[in-house]
Structures are given as structure tokens and as C-alpha cells.
Amino acid sequence: MSFSGEVKQELSGRISPARHCQLAELAAILHFCGELGRDAEGRYAIGLQTENELIVRKCFTLLKKTFNIDTDNWIGEDQMQDLFRKIGNPEEPVSALLLKNACCQRAFLRGAFLSVGSISDPSKAYHMEFVCPTREKAEQIQSVIHGFETPAKIVARKKYQVVYVKEGSGIVDLLNVMEAHVSLMNLENLRILKEMRNSINRRVNCETANISKTVNAATRQIGDIEFLRDHYGFSRLPANLREMAEVRLENPDAPLKDLGQLLDPPVGKSGVNHRLRKLSELAESVRN
């Protein structure tokens with residue numbers, strides 16, 4: 001099962017104890033993938049445009065709890081009118097009256113994600129989205145997400161309006177808002193592993209670059225010293241530079257700190273670097 005499927009499976013089993021939260025989640029499901037009306041024979045019916053059985057079961061569980069509507073019986077006209085009064089027209093955004101409380105907003109996002117949401121595989125990329133049929137419905141989801149201090153953007157994709165969150169921290173926040181706590185922990189574990197791998201890769205790359213830089217510097221230094229030996233002569237060098245040149249040629253792989261300890265008297269790393277730089281400058285001058 002995909003990570004997105006695992007999240008939906010967890011959310012499908014989460015039923016708010018308060019009726020007002022149940023109404024908010026039911027409203028989200030019906031407004032994003034539901035249909036209210038009459039069937040071909042004129043009987044009142046509720047339809048869901050989804051292939052996910054979890055959403056269907058969740059929807060009818062909420063219908064039973066909030067309106068005592070049982071799928072084994074036909075819906076009466078009074079029940080349908082009551083449903084319209086409480087839930088509103090599914091063609092429009094969910095009524096703000098149903099989203100007054102933070103707990104109801106959490107339930108609304110839970111129902112919206114079950115209906116039109118998805119999350120990419122977090123081991124590859126961080127991306128969470130809600131694919132909405134209208135701009136108004138997309139802006140409502142975006143507004144509720146912003147209310148929980150999580151950034152979300154909207155982009156048009158063909159005939160749909162897509163609300164999306166790209167940051168891993170933002171997705172973690174929304175999973176917490178929707179009360180998908182098991183999925184949240186799984187995502188956090190993946191994020192930790194990913195960060196550890198990235199950190200190790202950065203460190204290895206940095207150390208490799210430093211080693212390469214050190215080797216290249218030593219190669220240039222030895223090349224300059226050999227040039228001076230062959231075209232200028234060590235005898236013409238000041239005593240401190242002549243000693244430095246001889247020690248470097250005898251220890252081509254030694255780091256600057258160790259080279260300093262081989263001099264008489266010993267000098268620090270900065271002193272070694274200064275003398276080698278003087279030798280390179282002299283070699284360049286002789287070449288020119």
C-alpha cells in the first residue's frame with residue numbers, strides 16, 4: 001500500500017466524538033465527491049464519485065451517526081431536506097457555520113483529504129495536494145490550512161484547482177491537524193533517515209573536496225619547488241625557504257602541521273603556509 005493509502009486508511013477509522021465535527025467531515029466528503037438528488041426512478045439518493053471503499057464506508061458511518069440514515073433503506077424527503085439544511089449544496093463550498101471551531105476545521109480537512117487528497121512517497125519527495133473541482137473550494141481548503149499556520153498554494157491543473165504543500169514540515173503539521181498520528185510518526189522516521197543520509201553525503205563530499213584540495217595544493221607546491229631547484233638553485237634561496245623546500249620534497253604527502261614540526265626550529269601551520277607561498281611566488285616570478 002502506498003503512503004497516501006496508509007494515511008487514508010488511518011483517517012477512515014478516525015471518528016470524532018462530537019456531532020458538530022462529524023457534520024463538518026461529512027460535509028467535506030459530500031461537497032468534494034458526493035451527489036445529493038434523485039435517482040432514475042425519482043427516489044431520493046446519495047451518491048459518491050470515488051472508487052475508494054474506505055471513503056464510502058466512512059461517509060455512510062457518518063450519515064448513520066448524524067442523520068440516522070441507513071443504507072439499507074431509501075432516503076425519505078424529510079431526511080433529504082434535513083441533510084440539505086445541515087450540509088448545504090454540495091456544488092458550493094462548505095458553510096462557514098460548520099467550520100467555526102478548530103476541531104471542526106480538523107474534521108473538515110480530514111474529510112477533504114479522504115475525498116480529494118494525496119501524498120507522494122516521502123522517501124522520494126515531499127508533496128501533499130487536494131485536487132478541487134472549483135477555485136472557491138480550493139480557496140476554502142487553503143484558508144483552513146492557513147488557519148493552522150501552514151503555508152499552502154494553489155495551482156491550476158487542467159480543469160482542476162490544486163491546493164498543495166511542498167515542505168516536509170508542513171505535511172507533518174497537517175497530518176497532526178488531521179489526527180493521522182501513526183502516519184505522522186512514519187513520515188518523521190523517514191525524514192530522519194533522509195536527513196541522516198543527506199548529512200553523511202554532505203560530509204563525505206566535503207571531506208573528499210578537502211582531500212582533493214590538499215592534494216592539488218601539495219602537487220603545485222612540489223612542482224614549484226622542483227622548478228626552482230632546476231632553474232634557480234636552492235643555494236640562492238634564503239635559509240628558511242631552502243629548508244622549507246627540502247623538507248617539502250622529502251615529505252610530499254605530509255600535511256602542513258607535520259611539515260612545521262620537521263623544521264628547525266619548528267613553526268606553526270600558518271608559518272609553513274607563508275613559506276610555501278613565498279616559494280610559489282618566486283617560482284612564478286622566475287617563470288615570467
Side-chain angles (χ1 to χ4, degrees), residues 3-4 7-8 10-12 14 16 18-37 46-52 54-55 58-59 62 66 83-120 122 125-180 183-184 187:
F3 182 75
S4 190
V7 175
K8 291 192 176 186
E10 182 179 0
L11 294 180
S12 68
R14 177 75 176 88
S16 298
R19 185 173 186 271
H20 49 84
C21 294
Q22 296 171 4
L23 284 172
E25 185 169 2
L26 177 61
I29 294 173
L30 293 178
H31 280 249
F32 286 104
C33 68
E35 294 179 339
L36 302 179
I46 299 172
L48 293 173
Q49 295 180 341
T50 179
E51 297 178 357
N52 192 328
L54 293 173
I55 302 172
K58 181 72 175 284
C59 179
L62 292 172
T66 53
L83 192 60
F84 263 107
R85 280 195 302 270
K86 298 290 196 321
I87 300 299
N89 185 351
E91 299 297 321
E92 301 171 356
V94 173
S95 170
L97 294 175
L98 291 174
L99 306 179
K100 290 188 300 182
N101 303 321
C103 57
C104 296
Q105 294 167 12
R106 291 173 181 270
F108 166 80
L109 287 177
R110 188 159 57 241
F113 183 82
L114 278 170
S115 304
V116 294
S118 65
I119 302 179
S120 62
Y126 298 127
H127 184 85
M128 181 181 193
E129 66 178 33
F130 300 78
V131 181
C132 305
T134 67
R135 181 78 184 186
E136 291 76 17
K137 290 185 177 183
E139 288 175 347
Q140 183 174 50
I141 289 180
Q142 182 189 43
S143 176
V144 174
I145 291 175
H146 284 175
F148 289 101
E149 299 182 354
T150 301
K153 297 182 179 180
I154 299 176
V155 64
R157 184 188 299 160
K158 297 182 180 179
K159 63 178 182 177
Y160 298 101
Q161 298 290 320
V162 181
V163 184
Y164 68 93
V165 177
K166 296 288 286 185
E167 296 295 329
S169 58
I171 295 173
V172 166
D173 289 343
L174 282 184
L175 289 176
N176 184 52
V177 166
M178 295 188 297
E179 300 178 282
S183 299
L184 185 155
L187 176 56

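Throughout, numbering of the chain's residues begins at 1 and tracks the sequence.
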Contact summary for [X] and [Y], nearest pair of heavy atoms:
{"X": "Ser16", "Y": "Cys21", "value": "CB-CB, 3.4 Å"}
{"X": "Pro93", "Y": "Glu136", "value": "CG-CB, 3.7 Å"}
{"X": "Leu48", "Y": "Gly34", "value": "CD2-CA, 3.9 Å"}
{"X": "Ala138", "Y": "Val163", "value": "O-CG2, 3.3 Å"}

List in chain and number order the residues that pass salt bridge (Lys or Arg N to Asp or Glu O under 4.0 Å) with [X], two or more places apart in sequence or in another chain; answer none if no residue qualifies.
{"X": "Arg14", "answer": "Glu179"}
{"X": "Glu139", "answer": "Arg135"}
{"X": "Lys86", "answer": "Asp82"}

Results of side-chain hydrogen bond (donor to acceptor under 3.5 Å, both in side chains) for [X] - residues two or more places apart only:
{"X": "Arg19", "value": "none"}
{"X": "Gln105", "value": "none"}
{"X": "Ser115", "value": "none"}

message: Using the rule given for side-chain contact (heavy atoms from CB on, under 4.5 Å), can you reason through Val116 versus Tyr160, listing the C-alpha separation, both sets of side-chain angles and the distance that settles it, and then say yes or no?
response: CA-CA 11 Å; Val116 294; Tyr160 298 101; over 6 Å; no
query: For residues Thr66 and Gln22, is any side-chain donor paired with an opposing acceptor at under 3.5 Å?
result: no
- prompt: Does a sphere of radius 6.0 Å around CZ in Phe3 hold more than 12 heavy atoms from other residues, nucleotides or ligands, not counting ones at 6.0 Å or beyond?
  reply: yes
- prompt: So does Glu92 have more than 12 non-hydrogen atoms from other groups sitting under 6.0 Å from CD?
  reply: yes
side-chain contact (heavy atoms from CB on, under 4.5 Å) partners for [X], two or more places apart:
{"X": "Ser120", "value": "Ala125, His127"}
{"X": "Pro133", "value": "Phe32, Lys137"}
{"X": "Pro90", "value": "Leu36, Phe84"}
{"X": "Val172", "value": "Leu184, Leu187, Glu188, Arg191"}

If you round to the nearest 0.5 Å, how far is [atom2] of [Y] from [atom1] of [X]?
{"X": "Ile29", "Y": "Ile46", "atom1": "CD1", "atom2": "CD1", "value": "11.5 Å"}
{"X": "Ser183", "Y": "Ile171", "atom1": "OG", "atom2": "CD1", "value": "12.0 Å"}
{"X": "Cys59", "Y": "Leu30", "atom1": "SG", "atom2": "CG", "value": "4.5 Å"}
{"X": "Ser169", "Y": "Leu174", "atom1": "OG", "atom2": "CG", "value": "10.0 Å"}
{"X": "Cys33", "Y": "Asn52", "atom1": "SG", "atom2": "CG", "value": "9.0 Å"}
{"X": "Cys103", "Y": "Phe108", "atom1": "SG", "atom2": "CZ", "value": "14.0 Å"}

- request: Sort and list the pairs that fulfil salt bridge (Lys or Arg N to Asp or Glu O under 4.0 Å) and have at least one residue in residues 20-37, not counting sequence neighbours.
  value: Glu25-Lys58, Glu25-Arg110
- prompt: After noting the C-alpha distance and the side-chain angles of Ile119 and Phe113, does the key distance pass the side-chain contact (heavy atoms from CB on, under 4.5 Å) rule?
  reply: CA-CA 9 Å; Ile119 302 179; Phe113 183 82; 3.6 Å; yes
query: Run the side-chain contact (heavy atoms from CB on, under 4.5 Å) check on His31 and Ile87 step by step: do they pass?
result: CA-CA 9 Å; His31 280 249; Ile87 300 299; 3.6 Å; yes
- request: Flag this pair as yes if the NZ/CZ of Lys166 is under 6.0 angstrom from the six-membered ring centre of Tyr126 and inside a 45 degree cone about the axis; otherwise no.
  value: no
Side-chain donor-acceptor pairs of residues 151-158 under 3.5 Å, sequence neighbours excluded:
unit_1: Arg157; atom_1: NH1; unit_2: Glu129; atom_2: OE2; d: 3.0
unit_1: Arg157; atom_1: NH2; unit_2: Glu129; atom_2: OE1; d: 2.8

